Each structure stands twice: as C-alpha cells, then as structure tokens.
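Accompanying notes for the structure given below.
All values derive from a computational prediction rather than experimental measurement.
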Amino acid sequence: MMRHLKYLAFVACLGSLSPAFAQNASKSLTVDDLVTWQRITDREISDNGKWVACKMEPWEGDATVYLYAAQGQETATFSPADKFAFSASSGYLVVTQTPGKSTVDSLKVLKTKEDKMPMNTLVIYSVAGKKETIDSLKTFKLADEADWIAYQRGRKDSTLYVRSLDGSKTFQFPTVTDFQFAKKSGMLYYTSAAEGEAGIFTLNPEKGSPALIKEGKGVFKQTTFDEKGERLAFLYCADKDSSYKALSLWLSEHNAPAKEIATRGNKAFPAEWVINENGMLQFSKSASRLFFGTSPEPRQKDTTQLAENRPNVQVWSWDEPVQYTVQNYNKEKDLKKSYQAVYNLGNGSIFQLANEELPNIQLGNEGDAALALLSTSRPYSLSSMWEARTRSDYYTVSLDNGERKQIAQADYGRFRLSPQGKYAYWYGETDSCWYTIALAEGKRYRLTTPESFPAWDEENDVPNHPYAHGAAGWTANDQNLLIYDRYDIWKFDPTAATSPINLTVNGRKEKLSYRLEQLDKEARFIDLGKPQLLKGFNETTKGYGFYNARLSAPAAPKTLLAGNYMLRSINKAKNTDDVIYTMETFQQYPDIHYSTLAFKKSVQLTHGDKQQEGFIWGTAELVSWISLDGRPLEGVVYKPANFDPNKKYPMMVNFYERNSETLYNYRMPEPHRSTIDYHLYNSNEYVIFNPDIRYVDGYPGESCYNCLMPGITMMIAKGYINEKGIGAQGHSWGGYQVAYLATRTNLFSAIESGAPVVNMFSAYGGIRWGSGMARSFQYEHTQSRLGATPWSSPLRYLENSPLFTMDKVQTPILIMHNDADGHVPWYQGIEYFVAMKRLGKPCWLLNYTGEPHWPMHMANRIDFQRRMFQFFNHYLKNQKMPKWMSEGVPAVEQPFELGY
C-alpha cells in the first residue's frame, strides 16, 4: 500500500506541473498558435533500453528528432528531420534530415524545377557522439538484425552503397533498381541493370562477395527473402512487354543459382491462368512453403479502336451481387487481384488454394499449419447493402494436397484462425455467443451462452446486434482462448470441455475494464507462465492504470501505476524490461516517460509541456444529470484556468455520442478539420460542455434533445453561463444533431453544423462515395438509428429530418460541407443552405472545393478554424462581424479576397 501511495504522489507531482503554468498565465491562444503547436508524432526505444528517440512536429513547419539517454539527458537533436531508427546493436541512430519548409516553399514560389530542389541527407549518429552525414539521399534501408545500411544518392545515380554503420566495410554496385535486407539477418538482395551484370544478386556483407542468383535483363518482380535470408524467391520474365502473361516463379536456396519452379500452364492452375505480378510472394515461418498469386490472364484494351468511338456508359443491375458503385470504387484493386497458390519446398508440389469462388484466405501458424481457411461473401453481398453485416461461406483447404471441406455456410460470424491453426473462432453477433471449430475434425463448439457469459457490448444503442468486447488472444499451442467481457479477462477451453475461468476476478466488482497490453509485437500467443501487463480503465473515475497480472490462476491484478489521468501508449525495449509511455490529463501534456515494467521510478524525457507556459489554459470536470426520459447521464465541463464563478461566460456545446470517458484526454491543440479546439476556446474565456448522448431506436433526434437540454439547464443553473451566449457545434453525426436541435429550440445563439444529414429520405438512398456503398444500412441498423426503411416507417424519417421543420429555425447557422465528401453526400448541406436561404434566415456555407468529409489541406483547416471562431465570437461575444459574413466573398473576388 505504501508503495502504491508513492506512485500516486509521484504522479500527482507530475500532474501539478501544467496548472502551475496557468497561475501566471496571461496570453490567450490564437489560431496561429494552434498551427505551430508541437506534438510527438513518433517514438522509439532502443533494443537495449538505454536510448529513446522521438519526433516533435508542428502542424505546419519543420520537425525535430531528439535523442535521450535513459537518465533523461537530451544528447542530440536533428532538425529539420523526418524518419529515424535505432540500429540492431542500439549503438547508432539513423535519421533522415530534410530541407527546411521555408526553403522549399521559397523555391517553389520561384518555380524551381524538381531536379534542382534540395534533397534529404542521411545522418548516421553513434550514441557515443560521432556524427556522419551523407548528402543527396534518394532512399535507404536499415537492416533489422545487423548494423548494416544500404542507400542510394542523387536523382540520376542508381549506384547502391552498402556499408557497416561504423564505416569499416563498404560496397558499391552500379545501376541497382531494387534492394532489401532480410528480416532476421544482414543478408541483402539487389537487382542490377548494369551492362554485363544484369540480374539479381545476394550479398552477405560480413563475408563479402555477392552471389549471382539469376542473370537477365528482363523484369524482376516481388522479390522476397525468407526471414533469415537463406532463401530468395522472385518472379521473372525475359520479355518486358509480355510479362503480364508470362512471368515465372523462381527460387534460390542458400545463395545457389535460382531454379524455375512454376510457369504459366502448370497443371495446378486453372486453364488460361497466369502467375500474377501483383500477388505477394511470402515464405512460411519455417520457409517450408512459398505462397504466390495467380489469376486469369489480364485483359488488354483494344488499341485498334479509338476511345472516342466507344460509348462510355455504366450499366447498373438490380440483382448484381455487388453494388456497381462499389465495383467501380474497387476497380483498380480488382484489376490487380490475385488468388493464392502454394509451393511446398519439401516435395516440390504446387496447389491452387484460393480462386474466384473462394477468394479470401487465412493462413495458420504463419503458413506452417496443415490447413488454411478459405471464405467468400459474394453470394450474400446484395443483402449486406441494408443488413450492415455480411454472411460468408467457409472452407478448409489442405496445404499438402489442396483438398477442400466446407465448415460453414451463410454464417454471419467473422471466422479467424488460432495462432497454430488448430481452430477457427468467432463471435456470433446474432446470438451473442462465442464459437470455435476444430478444423481437423470439423467439429463446432459453443463456448458461451447469453445466460452464462455477457460477451456483448452492454451499452449498445443502435438497432443492430451488439458487438463483442473482443478477445485478448490464445495461449501456447492453442490450448486456451482468452476472451473479454466488459471488465474482465476469461480463460476458455476451445472445446468447451471445462467451465470458463475469470482470471482477473475483480474487474466487474470495481468497474475496472482490464485489457492486455501486448508488448512483444512478434508474440503469437500469451504465455500464462509470465507476468502480463494490463491497462485498466476505471468507469467511475474515468482514470487509467497499469496492472501486473499472472494469468496462470485467478487473482486480482496488482496495481503498478493508476490514478486520475490517461495512459495512452507504451513501448517496451526488445531485450530488457525498460519501457516508455505517455501520461496525460486535459492540463498535462502527454510527454514521454521512461521506466521499467515495475514502474518504481519514472523519468520525464520530453518537455512539450513547456509550450503551455504563459498561456491561459483550462480545467476539466465530470458532471452528471438526468435526461428528460429519466436516464442518468454524464458529461465533461471545460473551464478557463482563470475561471471566476461570479462572471458570466459564453458556452460552446460540442458533442458526438458519448465522450465522458475522455475526461483526462489532453486534446492536443490543433487547427482541427471538423471540431472546435477546446484549448483555443477555453483560453479565450469560453466554457465548453461535452455531454453524453444515449439513444432510443427510431428516435435519434428526440434522444439528443432529451439528453442535451436538461444538461444545458443544469449548466445554466450553476450561475456562470451567459444564457444569451450559448453556441453548438458538431460534425457529421454531430452536425446532424445540432441541425435537429435548431428546429426544436431557440436557446442557441449560433450553430456550426458540419457535413450534416438534414433529409433522411434522400440520404437513405444516397451513396457513400468514399467506398461506393449504399447508405441504407446506416439508417436501418447503425449510427442513424432509424431501424426501418422509409416505406415501412416514413414518419420516423420525417420526424428526424431537420429539413421538414426548417421554418422553425431562429438560430444563425454556419454550414461546412465539401463537394468531394465521400461520407455524407454534400447535397445534404446544399438542401440545408437552400432551405435557410429560401426562408430568409442567416446562414453561411463553407465549401472547401475538392476536399472530402473534412478539409485535409492545412491552409483549409486553418481557414475553417478562423471563420468558425469569428462566427461564434460575433454571436456569443458580440464582436464585430467579419467581412465574409457581412458582405460575403463574391466568386470574382474569391481569388483575391478572404474576407476575414
């Protein structure tokens, strides 16, 4: 207990850093401050645990890579910089340095040609302090398991340089077109087009001379090593023009000359099928099998007919299995589609595993299992348009003889393979049960029933079957499956021979949700004999913790580090118990901390928190109330750090669905693409209210109103909210909800509604152009929550569509909807705007042309934040109306005038 108190005292000390900044704060954040805010975008700990590197990057500008010693000292910086990685020995940090953004921008203004633009440089930095720079970097590869690097320089020079990181050994090879290291050794292959030396070679840099694997000037494709670099496979065709139909498969073992092992016309392939250049070559874990792709011979366009003489028409059919828009969206991918085949190295046998009828394949035991799993959902694709789920047929296929056996038909389950490939397992959404099938016998087992195990999301509030909480993974040799309920981790016998065991014991009692942190990224199973790290979420306090659990027997996990903060990410050194992790609150920046898995002592490495010095910040607190239909609700209130309860503050209401669990999120300052920045508004003396919304099927708009309005009443009753200065902002589903609220209440002084649906009739029949999918499933079963079709329940569509009661709107509206939106058809925003304009009500629409569901280009994101801030400042704080609102920005002025 005393040790745990020390941890909490340590964390409390860290948490007090950020509020201290606010005590003397006087500056308000601006949109420009958001743009330059530095966030940590990458981090890595060396394999020996002694060094940590991270990248700090503003939203616009130059990034910096920092190197830290485990004790906390900053030992080196690299700027401007991009990629970085530690060497296998942990003795070197390799960094790509980039030209400065201001330099590049100024050259672009001068219309400098691409071949005259500055190039990256490669820095090889010894942790002992020695720095070496290689200029004009084109590309590089760093070996994962050896201190070797390979790189090319200059735009026109294709020479490959291979060297040890200490510089003691170097090699050069001219006219190289492709190269790569093996995953688990320093072995390298490279493809050369040099005159007299054309072909593919392997090189063991420790031994010296390259080995010629295959001579030829033709096309080499999909070259790949096995893990250790002892075998090399590739596709080859001597005639470049006919490679699409005449590639053959080649294999080299132990640096011996490659042998052709499969060609077009092999009896294992269907007639007229070819080896596909897009099918990825892959060795099994033991390298006893080689997987490759085949397909029907690609069709070629008729070059004898002018394209202008061929009609350009799409034919949509009512009964085609896959909606034409989905076909069109996937066309380029489908033109490259391949179907997996296998070559068994032991006996030279080849089998076609997948085909057009069963195109999807899962390999067990990383390709070494006797059986693989084949599946197809194509016969049931039509109904998936409205069902929001897809049925599938499943088969096993033998990798030793190609024999298939059906194990499931028209099943809604999403089957997965256990690590060793002994079982298929899945959660049945339609009956909320977990199942397995022993593949060798084809026998099915039901592991849970709704009465015996609450596997489903107990808070599901869409008109659909609830999802599961998921599985933690399997134990060694596929002996047990570990499954989550809402709180705990349970051990199941995959044949249901014994009763399940709750391994974490106290989760449900204490409302702690335990989830396994898989620190070893290469681990394929959970070792019950070793201590495991869990991350826990406390549903009551909204805080997080790290816990130690020995899952070999039921026991309450031991608290290592827990409190009122968020623990977002953790990385472990490969060879030691050293870790780096981030800890944050709304006030405390998510800096990187260094510790061991015991968490007895922690060192703060980065200091992104210093950016907050001098700025007025904010605080976050949990509030609760009762909805109009009698349900208890929670939400978060964000106040300025210099909050005075005797003042009246404007309030922004911002929400989506449920967000109270994000109480301790830092919310990185950002020129957001779709929402207000909480720190910007807090810093400028706004209070922000983020309420949870809980829904009743068929009544999403009414549910929002019932949850939110008493929450706002609760806030007004506190006495510090200006009732004439309340605004609402939401995007997409949030955009719909605030649009609906505007038809039900005049409480809001202004509303920004981003990418909203306002007409559920027309939206139901629309297309999600970002995927080609019809939108009907969304209304019948998922987020839009109507639970019916327009013809079965037209009143639901009418009542929940803001468009049909737009005459009741008295609130000024800002709409942001972009003409390339692939999620919500942008004509919804147009319907909204046209209705408001027809009714003579104040309304503005921002269309960032060519942008999708939200503005992606930084200039557009900055513009959106400026205009939205000006909009709310005018209506909630009585600031002067900007020109773009008072006078507009006519089309002829748009190239020259922003109207801020």
- Note: Leu605 and Gly72 closest approach over all heavy atoms is CD2-CA, 3.5 Å

- Message: With a sphere of 6.0 Å drawn around NZ of Lys221, does it hold more than 12 non-hydrogen atoms of other residues, nucleotides or ligands?
- Response: no

- Message: Taking side chain to side chain contact (heavy atoms under 4.5 Å, CB included) as the criterion, tell me which of Met668, Arg568, Met583 meets it with Pro590.
- Response: Met668

- Check the pair Asn276 / Tyr244 against side chain to side chain donor-acceptor pair (under 3.5 Å), numbers first and verdict last. CA-CA 7 Å; Asn276 190 299; Tyr244 70 93; over 6 Å; no

- Between Asp32 and Arg866, is the closest basic N to carboxylate O distance under 4.0 Å? yes

- N/O donor-acceptor pair under 3.5 Å between Thr121 side chain and Ile134 backbone: no

- Message: Just checking Lys138: does its NZ atom have more than 12 heavy atoms from other residues, nucleotides or ligands closer to it than 6.0 angstrom?
- Response: yes

- Query: Counting only heavy atoms not in His607, do more than 12 sit closer than 6.0 Å to its NE2 atom?
  - Reply: yes

- Would you sort out whether Arg39 and Trp59 count as a side-chain contact (heavy atoms from CB on, under 4.5 Å), showing the intermediate values? CA-CA 8 Å; Arg39 76 263 194 229; Trp59 295 102; 3.4 Å; yes

- Task: Can you tell me which residue pairs pass the ring-ring contact (aromatic ring centres under 6.0 Å, His included) test with a partner in residues 206-227, sequence neighbours excluded?
- Result: Tyr189-Phe225, Phe220-Phe234, Phe220-Tyr236

- Message: Could you report the tightest heavy-atom contact between Ala233 and Leu290, atom names first, then the distance?
- Response: CB-CD2, 3.7 Å

- Item | Distance-only side-chain donor-acceptor flag, Tyr581 / Asn571, under 3.5 Å | no

- Side chains of Phe173 and Thr159: closer than 4.5 Å at any heavy-atom pair? no

- Message: If the threshold is 4.0 Å, N to carboxylate O, is there a salt bridge linking Glu197 and Lys217?
- Response: no

- Could you note down all residue pairs passing ring-ring contact (aromatic ring centres under 6.0 Å, His included) where residues 75-99 supplies at least one of them, sequence neighbours left out? Phe78-Tyr125

- Task: Answer yes or no: is there a side-chain heavy-atom contact under 4.5 Å between Ile580 and His593?
- Result: no

- Item | Side-chain touch Tyr544/Tyr664, heavy atoms, less than 4.5 angstrom | no

- Residues two or more places apart in sequence or in another chain: which of them pass side chain to side chain contact (heavy atoms under 4.5 Å, CB included) with Asp577? Lys572, Leu597

- Message: Once side chain to side chain donor-acceptor pair (under 3.5 Å) is applied, do any residues pair with Arg289, and if so which ones, sequence neighbours excluded?
- Response: Asn344, Asp400

- Task: Go through the structure and list residues passing side chain to side chain donor-acceptor pair (under 3.5 Å) with Ser338, not counting sequence neighbours.
- Result: none

- Message: Going by the rule side chain to side chain contact (heavy atoms under 4.5 Å, CB included), which residues pair with Pro58 if we only count those two or more places apart in sequence or in a different chain?
- Response: Gln38

- Message: Consider side chain to side chain contact (heavy atoms under 4.5 Å, CB included). Of Met566, Arg43, Gln588, which one does Thr582 pass it with?
- Response: Arg43

- Task: Could you tell me which non-hydrogen atom of Gln152 sits nearest to which non-hydrogen atom of Phe179, and how far apart they are?
- Result: OE1-CE2, 3.6 Å

- Residues which pass side chain to side chain donor-acceptor pair (under 3.5 Å) with Thr64, listed by chain and number, not counting sequence neighbours: Ser79

Please tabulate, for the side chains in residues 199-209, all donor-acceptor contacts under 3.5 angstrom to protein atoms that are two or more places apart in sequence or on a different chain.
from	atom 1	to	atom 2	distance (Å)
Thr202	OG1	Asn255	OD1	2.7
Asn204	OD1	Glu206	N	3.1
Glu206	OE2	Trp148	NE1	2.8

- Message: So Pro99 and Asn120, do their side chains get closer than 4.5 Å, heavy atoms only?
- Response: yes

- How long is the span from the OH atom in Tyr151 to the CD1 atom in Ile124, to the nearest 0.5 Å? 6.5 Å

- Item | Residue list, salt bridge (charged side-chain N to carboxylate O under 4.0 Å, His left out) with Arg515, at least two apart or on another chain | none

- Message: Could you work out, with side chain to side chain donor-acceptor pair (under 3.5 Å) as the rule, every residue matching Glu517, not counting sequence neighbours?
- Response: none

- Query: Quick one: does Asp226's side chain have a donor or acceptor within less than 3.5 Å of a partner on Arg231's backbone?
  - Reply: yes

- Message: Going by side-chain hydrogen bond (donor to acceptor under 3.5 Å, both in side chains), name the pairs with one or both residues in residues 97-119, residues two or more places apart or in two chains.
- Response: Lys101-Asp105

- Nearest non-hydrogen partners of Trp854 and Asn818, listed with the distance: C-ND2, 3.5 Å

- Would you call Glu366 and Arg524 a salt bridge, taking side-chain N to carboxylate O under 4.0 Å as the test? yes

- Task: May I ask you to check whether over 12 heavy atoms, not counting those of Glu195, lie within 6.0 Å of atom CD?
- Result: no

- Over all heavy atoms of both residues, which pair between Val65 and Asp82 is shortest? Give the atoms and the distance, please. CG2-O, 4.1 Å

- Task: For salt bridge (charged side-chain N to carboxylate O under 4.0 Å, His left out), just list the numbers for Glu145 and Lys228, CA-CA rounded to whole Å, side-chain angles, deciding distance to a tenth of an Å, and then say yes or no.
- Result: CA-CA 10 Å; Glu145 296 287 336; Lys228 295 181 180 179; over 6 Å; no

- Item | Non-hydrogen side-chain atoms of Arg867 and Tyr900 separated by less than 4.5 Å | yes

- Query: Within 45° of the axis and under 6.0 Å from the centre of the six-membered ring of Trp250, does NZ or CZ of Lys259 qualify?
  - Reply: no

- Any side-chain heavy-atom pair from Thr75 and Val127 closer than 4.5 angstrom? no

- Message: My understanding is that only residues two or more places apart in sequence, or in another chain, count here; which of them pass salt bridge (charged side-chain N to carboxylate O under 4.0 Å, His left out) with Asp527?
- Response: none

- Message: Under the salt bridge (Lys or Arg N to Asp or Glu O under 4.0 Å) test against Glu522, which residue among Lys574, Lys285, Lys184 passes?
- Response: Lys184

- Task: Establish, yes or no, whether the cationic atom of Lys141 lies under 6.0 Å from the six-membered ring centre of Phe181 and within 45° of the ring axis.
- Result: no

- Query: Is the shortest heavy-atom distance from the side chain of Lys240 to the side chain of Val219 under 4.5 Å?
  - Reply: yes

- Is a side-chain donor or acceptor of Thr77 paired with a backbone partner of Tyr66 at a separation under 3.5 angstrom? no

- Message: I'd like to know if the side chain of Gln222 reaches the main chain of Glu277, judged simply by a donor and an acceptor atom lying under 3.5 Å from each other, with no hydrogens or angles considered.
- Response: yes

- Please tell me if the side chains of Tyr594 and Ser602 come closer than 4.5 Å, counting only heavy atoms from C-beta onward. no

- Expected output: side-chain Glu851 to main-chain Met856 donor-acceptor under 3.5 Å: yes

- Indicate whether any N or O donor in one side chain lies under 3.5 Å from an N or O acceptor in the other, for Asp147 and Ser164. no

- Query: Is the backbone of Leu680 close enough, under 3.5 Å, to the side chain of Ser683 for a donor and an acceptor to pair up by distance?
  - Reply: no

- Query: Taking NZ, NE, NH1 and NH2 as the nitrogens, is one of them in Lys55 or Asp42 under 4.0 Å from a carboxylate oxygen of the other?
  - Reply: no

- Task: Might you point out which heavy atoms bring Trp51 and Ser90 nearest each other, and give the distance in Å?
- Result: CD1-O, 3.8 Å

- Message: Tell me if a side-chain donor or acceptor on His679 pairs with a main-chain N or O of Tyr666 at a distance below 3.5 Å.
- Response: yes

